[in-house]
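Count residues from 1 along the sequence.
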Amino acid sequence: MILYAAEIVSLLMAVSALAIVWARDMFSVVALMAVYSGFMAVVLALMGAPDVAFMEAVVGPSLSTVFLLGLMWWINPEEATRYPAARRLLALLPALGLGGIVLYGVNGLPPFGEPTAAPMEHVSPYYIEHAMADMATPNVVAAILADYRSLDTLIEAAVVVTGVLACLLIMMYRDDQTV
């Protein structure tokens, strides 16, 4: 049952991603990005990662949407989105190339939940066996996020803070100034 739900939500994510690509105004793009992010949070929850799903739900459909709508208040979205077709096509080529590289890399990954995958055989057992002794943390998940992967967690937090600061800097400009 969960497999079918994940497939349906993934299909809805693909539809919302295509709608983002074809949207013509910034408000529609922001709204569709919030919808896409909401679907992503559902997929993460269905995959058994409620902590990541919660973070996606907090940052994606809510905070990001509020900041992007705030940006639309300060800048003229029509000026920011009017580019000639040649320039849009030029931007599409590297995006398609990067997408192709990502899809090629995904094919090399083991199937989700594969018990013989390297992280399942080596990393996970080590974390579970040594979390209490190494970190003196009563919770294995907290030990992984706060101790073993603390640098990764710090960088993720820095990305969110950088995004917020970028939005605030853009909001500081007035309509008569150019960005």
Please give me the minimum heavy-atom distance between [X] and [Y], naming the atom from each residue.
{"X": "Ala41", "Y": "Ala53", "answer": "O-CB, 3.3 Å"}
{"X": "Phe39", "Y": "Val9", "answer": "O-CG1, 3.4 Å"}
{"X": "Val140", "Y": "Tyr127", "answer": "CG1-O, 4.4 Å"}
{"X": "Ser37", "Y": "Pro61", "answer": "OG-CD, 3.3 Å"}
{"X": "Glu114", "Y": "Pro110", "answer": "CB-CB, 4.3 Å"}

Kindly compute the distance separating [atom1] ([X]) from [atom2] ([Y]), expressed to the nearest 0.5 Å.
{"X": "Leu46", "Y": "Glu7", "atom1": "CG", "atom2": "CD", "value": "11.0 Å"}
{"X": "Met40", "Y": "Met33", "atom1": "CE", "atom2": "CE", "value": "14.0 Å"}
{"X": "Leu103", "Y": "Leu98", "atom1": "CG", "atom2": "CG", "value": "9.5 Å"}
{"X": "Phe27", "Y": "Leu68", "atom1": "CZ", "atom2": "CG", "value": "11.5 Å"}

Hphob cluster co-occupancy, [X] + [Y], side-chain heavy atoms under 4.5 angstrom:
{"X": "Met47", "Y": "Ile8", "value": "yes"}
{"X": "Ile20", "Y": "Leu69", "value": "yes"}
{"X": "Val29", "Y": "Val15", "value": "no"}

**Request:** Check whether any side-chain heavy atom of Trp22 lies under 4.5 Å from a side-chain heavy atom of Leu32, and answer yes or no.
**Result:** no
**Asked** Considering only heavy atoms from C-beta outward, does the side chain of Leu44 approach that of Phe54 to under 4.5 Å?
**Response** no
**Item:** Pairing residues for Ser62 by the side chain to side chain contact (heavy atoms under 4.5 Å, CB included) criterion, not counting sequence neighbours
**Value:** none
